[in-house]
Amino acid sequence: MQPALGRLTPSQRAKVTPFRAKVLDALCQVPRGKVTTYKYLSKHVGCNSSQAIGQALKHNPFAPEVPCHRVVKTDRTIGGFSGSISGPKIDKKISLLRGEGVDFSEDGTVEAACVYRFE
DNA sequence: ATTATGACTTATT
DNA sequence: GAATAAGCCATAA
């Protein structure tokens with residue numbers, strides 16, 4: 001069964017800006033085995049800047065609690081992780097996603113079927 | 001308030 | 001297809 005897609009706890013909300021809280025909360029709605037994109041998130045939280053989303057996630061204060069590794073770029077390339085856009089951390093991100101059942105193409109892009117669009 | 005930065009995106013060269 | 005520029009918006013200094 002899917003893990004309880006919790007939301008951000010009040011404590012967590014209190015530690016970040018309202019915008020980040022909204023982003024993280026939305027992120028917690030992404031089911032295990034799926035990913036979302038910066039753009040979908042940005043749209044979901046009501047701004048039109050994926051860059052702002054990236055900013056919100058780059059210093060993720062709630063590392064494993066909030067599945068920040070379930071966010072990829074709009075073209076379904078891997079995006080960044082732990083403050084880096086490439087390197088060993090990215091490799092770890094891929095491993096995590098694979099461990100959750102996300103499929104990758106040979107390009108290192110995520111399969112379209114694994115993208116969660118906040119339907 | 002103003003400036004600089006960035007895990008982005010799109011258009012242009 | 002890679003490199004650059006411009007647009008975007010929240011954050012930190």
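Values below: every heavy atom of this structure, side chains too, minus hydrogens, waters and symmetry copies. Chain A is the first sequence line, chain B the second, and so forth, proteins listed ahead of strands; every chain is numbered from 1.
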Between C:dC8 (P) and A:F19 (CZ): distance, integer Å:
16 Å
NA contact type, A:G79, heavy-atom cut-off 4.0 Å: base, sugar-phosphate, or nothing?
nothing
With respect to the side chain of A:C47, which nucleotide from B:dG6, B:dA7, C:dA10 is positioned closest?
C:dA10
Specify the separation, in whole Å, of atom CD of A:Q55 and atom P of C:dA12.
9 Å
Separation of B:dT9 P from A:R76 CZ (nearest whole Å)
13 Å
note: A:R70, atom CZ; B:dA7, atom C1'; distance rounded to Å ~ 17 Å
Rounded to the nearest 0.5 Å, how far apart are NE2 of A:H69 and CG of A:L27?
8.5 Å
Nucleotide B:dT10, atom C1' - distance to CG of A:N48 in whole Å:
12 Å
Students often get this wrong, so: under 4.0 angstrom with heavy atoms, is A:L57 touching a base, only sugar-phosphate, or nothing?
base
Nearest-angstrom distance from the residue atom CG of A:D75 to P of C:dG1
12 Å
I need the A:K15 NZ to A:T9 OG1 distance, nearest 0.5 Å.
7.5 Å
In whole angstroms, how far is the C1' atom of B:dT5 from the CD1 atom of A:I53?
16 Å
What is the distance, to the nearest angstrom, from the OH atom on A:Y40 to the P atom on B:dA7?
23 Å
Measure from the side-chain N and O atoms of A:K93 to the backbone N and O of A:G80, and report whether any donor-acceptor pair falls under 3.5 Å.
yes
By the 4.0 Å heavy-atom rule, please label A:Y38 as base, sugar-phosphate, or nothing.
base
Any side-chain N or O of A:K58 less than 4.0 Å from the OP1 or OP2 oxygen of B:dT5?
no
Quick one: which of B:dA7, C:dT11, C:dA10 gets closest to the side chain of A:A52?
C:dA10
So, is A:S84 close to the B:dA7 phosphate, meaning a side-chain N or O under 4.0 Å from OP1 or OP2?
no
Quick one: which of B:dC8, B:dA7, C:dC9 gets closest to the side chain of A:N60?
B:dA7
Quiz question: by atom type and distance under 3.5 Å, do the side chains of A:S105 and A:D107 form a donor-acceptor pair?
no
Measure from the side-chain N and O atoms of A:T37 to the backbone N and O of A:Y40, and report whether any donor-acceptor pair falls under 3.5 Å.
yes
Under 4.0 Å, heavy atoms only, any strand: does A:S49 hit a base, just the sugar-phosphate, or nothing?
base
